[in-house]
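Computed from a prediction, not measured in an experiment: that's the story for all the values here. We name chains A, B, ... by the order of the sequence lines, and we start the count at 1 in each one.
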Amino acid sequence: MMRRLVKLVFKRFRSLVRHPVVTVEFPYVVRHAHQNARVSLRNNFNECTGCHRCEKACPVHCIEILSEAYTSREKAPKTSRGVIFEARVNSFKINFNQCVNCGLCVDVCPTGSLSNDKNFVLPRQDTKHLTLDLVHRPRTFRRDQGYEE
Amino acid sequence: MIEAELTCEGDILKTAKIKRGFEERPLWKRLERLKPNEMIGWVDRFDSLCPIASEWALAQALESSMDLEIPKRTQFVRSLLNELNRLVWLATYLGQVTDTLGQRTITQQVLVLREKVFVIQEEITGGRILPQALTIGGCRRDFAMGDVQKVRQFLDGWRGQWKAWLELVSDDPLLEARLKNLMVVDASLVEKLGWWGIVGKASGVTYDSRKHRPHGAYPFIEFNIFSRQGGDAQARFHVALDEVGGTLSLLDQLLTKIPSSIDARVQAKPLQPGLFFGTAESAKGPVIAAVEVTGQEVVSSLRLFAAGQRVWPILDHLFQGMRTEDFQLAFASLGVGAEESEI
């Protein structure tokens, strides 16, 4: 019995030494996020037609879009695939305090302008500051470059 | 966090009142208001440690209402995701038991293993803890080129580390002595409550919905159901250890047999009225989804059941008369609070 215990203690000490360190000193050391990781959202406004489908699909209603319809279809710009813009997006606000990263908004986007982003949204002291307007470049944490405005 | 009110008489536990919280989960109400595809994404929150099983059970219920036939490759992908997810629950369970025993190093090491499963889960599905991987008629993201190799590579590394961890707990006389004859659960009680999962298997009740109610790719795979006869904490601990080995071998088979051709995605159809069920086997036992559809596209009632829920009302009685110092370990060994410890 005693021998088995001593052997086990030795095994455990050995595993402690052999086990690699798994914690990282965030934000000085940042781990690589996978390409498909659903961490945040980004929108390419050159492709966003202002159809509001993402806003309707969001189950927690965390997307709020303010847009202005084009007066004539002829004057409306087109996406790279030739889809005519429905409206000009003036504000594309996402409340990241409510967002559950379900990705349903990305699924319904007809032009693929809305996509999952692997860059973290910067933590804030107050949750009200977690509502970001994607039209104006949000403050994000880029894993490779650190914080940026 | 779980709060328990204990009344002791000397060293003996007279009454135990465990407050669980989330008794009336508002999740049902939230889900009933959503569209079918949204429901599947949201049902992950039923249990953060068995999200795939919850999604799959609900997807099966909704798919049977739509009368959809799911392609074979999709079934394999779903089964793969479910098996990976089972490792998460089992690692948490083992970590919880060893943590209660005061073996912190062992706990941390098994949680490191769990973290590796989360990493591969995030890589494949995009979600680290709540993958939201399934949709009606398929998976949100089919296995892309190279994903099978990624999972295989993960398994090779994980298996080695698992064996190293196993060496640390196997043949530990103190661990065995503490768990032996602790909180014995009778097979009759298991059958009465439908308390399947590791508790049932440790008591000799070999019910596993992967065998008895075949779903996904499980009919194409050969596997055994691990069981013990003791019904005590030691038997449950060993069943959990065996289950990890079983899951690893199942994952190997699934990766070998997965069809290479990608099938066309099944399109959703209107929901037909009626009462529909779906079952998926998670590590804690089968998760059962029941959906009642009235009229077209209207889910009037939705419920999810897992063995843990049925057991909570009688848990208080089980602890009566046991030694106070054993309470925490006995509770951890049942595995009913694994998900609550996460919340």
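- If you tally non-hydrogen atom pairs under 4.5 Å between each of B:L34, B:I124, B:V169, B:V119 and chain A, the highest count goes to B:V119.
- Contacts between B:L168 and chain A at a heavy-atom distance below 4.5 Å involve backbone atoms as well as side-chain atoms.
- Side-chain N or O atoms of B:R140 include none that pairs as donor or acceptor with a backbone N or O of A:D107 at under 3.5 Å.
- For a residue to count as touching a neighbouring chain, one of its non-hydrogen atoms must lie under 4.5 Å from one of that chain's; by this rule A:R4 touches chain B with the side chain only.
- One finds the CZ atom of A:R38 at 9.0 Å from the CD atom of B:E122 (value rounded to the nearest 0.5 Å).
- With a 4.5 angstrom heavy-atom cutoff, B:T125 touches chain A only via backbone atoms.
- Two residues are said to be in side-chain contact when any heavy atoms from C-beta on lie closer than 4.5 Å; B:W42 and A:V60 meet this criterion.
- Rounding to the nearest 0.5 Å places CD1 of B:I129 at 11.5 Å from CG of A:N101.
- The choice from B:D44, B:I106, B:T135 that makes the most heavy-atom pairs within less than 4.5 Å of chain A is B:I106.
- Residue contact with chain A, scored on non-hydrogen atoms closer than 4.5 Å, involves the side chain of B:R141 exclusively.
- Within 6.0 Å of atom CD in B:Q153, 12 or fewer heavy atoms from other residues, nucleotides or ligands are found, so the atom counts as exposed in its surroundings.
- Between the SG atom of A:C102 and the CG atom of B:L130 there is a distance of 11.0 Å, given to the nearest 0.5 Å.
- Counting non-hydrogen atoms of other residues, nucleotides and ligands closer than 6.0 Å to CZ of A:F45 gives a total above 12.
- If you take NE2 on A:H34 and CD on B:Q121, they are separated by 11.5 Å, rounding to the nearest 0.5 Å.
- Enclosure of atom NZ in A:K11 by more than 12 non-hydrogen atoms of other residues, nucleotides or ligands within 6.0 angstrom is indicated.
- Contact annotation for A:N116: neither backbone nor side-chain heavy atoms come within less than 4.5 Å of a heavy atom of chain B.
- Annotation for B:K150: atom NZ counts as buried by contact number, over 12 foreign heavy atoms lying within 6.0 Å.
- Counting heavy atoms from C-beta outward, A:V100 and B:R45 have side chains that approach closer than 4.5 Å.
- Neither the backbone nor the side chain of B:W165 has a heavy atom closer than 4.5 Å to any heavy atom of chain A.
- The two residues B:E38 and A:A57 come nearest to each other via the heavy atoms OE2-O, 3.4 Å.
- The residue among B:L174, B:N37, B:V112 with the most heavy atom pairs within less than 4.5 Å of chain A is B:V112.
- Checked for salt-bridge contact, A:R12 and B:D172 meet the test: a charged N lies under 4.0 Å from a carboxylate O.
- Interface summary for chain A: among B:A164, B:P173, B:A144, B:P131, the most heavy-atom pairs under 4.5 angstrom belong to B:P173.
- Proximity to chain B (any heavy atom under 4.5 Å) is restricted, for A:L8, to the side chain, taken from C-beta onward.
- Only the side chain of B:Q103 comes within less than 4.5 Å of a heavy atom in chain A; its backbone stays farther off.
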